[in-house]
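Atoms considered below: every heavy atom in the structure, side chains included; atoms not considered: hydrogens, waters and symmetry mates. One-based numbering along the sequence shown. In each ligand, atom 1 is the first atom listed, and ligand 1 is the first ligand listed.
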Amino acid sequence: MDISVILTGAPGSGKGTQASTLARRRNLAHLSTGDLFREHITRGTDLGRAARRHLDAGRYVPDELTNAMVRDHIERVAPDGGIILDGYPRTRAQVDFLDGLLSGLVVLNLVVEPAELLRRLAHRATVGGRSDDAAEVVRERLALYAVECEPVLGAYRERGLLFDLDGAGEPHAVAARIDEALAALPAARS
Ligand code: ADP
């Protein structure tokens, strides 16, 4: 399948879970910028040191660092396309940068109501999730997403590449909606 799927959605929308299972079902590479940053932080690389304070505050890592990391990763794991992007692009500058890297993009946007996002993130915090799942940082991440997502979604919506999907319910039900959306794409793209 020569397609690049961008999974978007607010923190807690389930995009990470869905990206991993979709990657396995379709045998595609999976790039999670959040996971990559966390790996760099754990390994104590220069990038990890530079990224850490941004993650801890629930803010975005600067575009130059993020874009360079994504380019290196794509060149290594999916030089011929066929990848799922999870957590990228999140800014207009990232959208433009990605245009120079990949074609055949389709964007699946998981829509979940705010009360449910908060419930899921609070649950993840109690089961030993991530350092940025603390309540104040969650509020920061959700507020940032609400402001920043629209220009990114708008860019793809204008090009007819954006599909809104209901992200409520059990993971397998959401996965079925994703498969249905991908199956409905024109044959040349799926
Ligand atoms: P979530 O979407 O639930 O906040 P992620 O694991 O996708 O979780 O991202 C965690 C953190 O990693 C973000 O809050 C941000 O600091 C950083 N990050 C991830 N992707 C990007 C990106 N595309 N641009 C800038 N920072 C990013």
Side-chain angles (χ1 to χ4, degrees), residues 4-23 29-43 45-74 83-102 105 107-156 165 167 171 174:
S4 303
V5 180
I6 300 173
L7 269 179
T8 58
S13 62
K15 64 185 161 45
T17 305
Q18 294 300 333
S20 319
T21 57
L22 179 62
H30 171 199
L31 166 54
S32 158
T33 40
D35 284 351
L36 264 187
F37 283 130
R38 285 185 285 273
E39 263 173 55
H40 276 278
I41 290 171
T42 305
R43 283 174 23 225
T45 65
D46 288 347
L47 175 59
R49 273 193 291 279
R52 176 171 212 146
R53 64 199 162 90
H54 302 288
L55 268 85
D56 285 349
R59 308 237 169 79
Y60 291 161
V61 178
D63 286 330
E64 311 80 77
L65 294 178
T66 306
N67 285 338
M69 176 180 80
V70 166
R71 189 190 45 227
D72 289 350
H73 192 83
I74 288 179
I83 189 166
I84 302 175
L85 298 171
D86 155 14
Y88 184 92
R90 293 201 202 202
T91 65
R92 271 309 293 254
Q94 294 179 9
V95 170
D96 294 343
F97 188 82
L98 184 62
D99 282 339
L101 285 179
L102 291 178
L105 296 173
V107 185
L108 304 180
N109 182 38
L110 296 180
V111 181
V112 176
E113 57 159 356
E116 173 65 9
L117 294 174
L118 284 170
R119 202 188 59 73
R120 290 183 186 179
L121 290 166
H123 175 72
R124 194 163 76 186
T126 63
V127 295
R130 300 182 343 206
S131 59
D132 61 353
D133 283 339
E136 334 73 78
V137 183
V138 161
R139 272 197 298 278
E140 178 71 31
R141 283 161 54 210
L142 287 172
L144 182 63
Y145 182 79
V147 174
E148 297 286 337
C149 73
E150 207 32 61
V152 172
L153 298 183
Y156 291 118
L165 298 183
V174 180

**Item:** Selection from Glu148, Arg90, His54 by shortest heavy-atom distance to atom 13 (C) of ligand 1
**Value:** Arg90
**Under-4.0 Å salt bridge between Arg38 and Asp35** = yes
**Request:** May I ask you to identify the nearest protein heavy atom to atom 2 (O) of ligand 1, giving residue, atom name and distance to one decimal place in Å?
**Result:** Lys15 NZ, 2.8 Å
**Complete:** Shortest non-hydrogen pair, Ala155 vs Arg92, comes out as CB-NH1, 3.6 Å
**Fill in**
Filtering Leu142, Val61, Leu55 for the heavy atom nearest atom 25 (C) of ligand 1 leaves Val61
**Prompt:** Should we count CZ of Arg52 as having more than 12 external heavy atoms under 6.0 Å?
**Reply:** no
**Prompt:** For the side chain of Arg90 and the backbone of Tyr60, is there at least one donor-acceptor N/O pair under 3.5 Å apart?
**Reply:** no
**Prompt:** Should you measure from each heavy atom of Arg38, which atoms of ligand 1 turn up under 4.0 Å away?
**Reply:** 6 (O), 10 (C)
**Message:** Using a plain distance cutoff, I'd like to know if Asp132 has any nitrogen or oxygen under 3.5 Å from a nitrogen or oxygen of ligand 1.
**Reply:** no
**Message:** Which of the numbered atoms in ligand 1 are under 4.0 angstrom from any heavy atom belonging to Gly87?
**Reply:** 20 (N), 21 (C), 22 (C), 23 (N)
**Request:** State the atoms of ligand 1, each with its element, that fall below the 4.0 Å cut-off from a heavy-atom position in Thr66.
**Result:** 22 (C), 23 (N), 24 (N), 25 (C)
**Item:** Heavy-atom nearest neighbour in the protein, as seen from atom 1 (P) of ligand 1, with distance rounded to 0.1 Å
**Value:** Arg141 NH2, 3.5 Å
**Request:** Looking only at non-hydrogen atoms, find the nearest pair between His30 and Ala23 and report the distance.
**Result:** CB-CB, 3.8 Å
**Message:** Could you tell me, atom by atom, which parts of ligand 1 come under 4.0 Å of a heavy atom of Thr33?
**Reply:** 19 (C), 20 (N), 21 (C), 23 (N)
**Prompt:** Of the listed options (Met69, Arg130, Arg59, Arg120), which comes nearest to atom 15 (C) of ligand 1 when hydrogens are ignored and any heavy atom counts?
**Reply:** Arg59
**Request:** For atom 27 (C) of ligand 1, find the nearest protein heavy atom and state the residue, atom name and distance (0.1 Å precision).
**Result:** Phe37 CE1, 3.7 Å
**Request:** Kindly confirm or rule out an N or O of Tyr88 lying under 3.5 angstrom from an N or O of ligand 1.
**Result:** no
**Asked** Which residue and non-hydrogen atom of the protein lie closest to atom 24 (N) of ligand 1, and at what distance in Å?
**Response** Gln94 NE2, 2.9 Å
**Item:** Salt-bridge criterion met for Arg139 and Glu136 (N-O under 4.0 Å)
**Value:** no
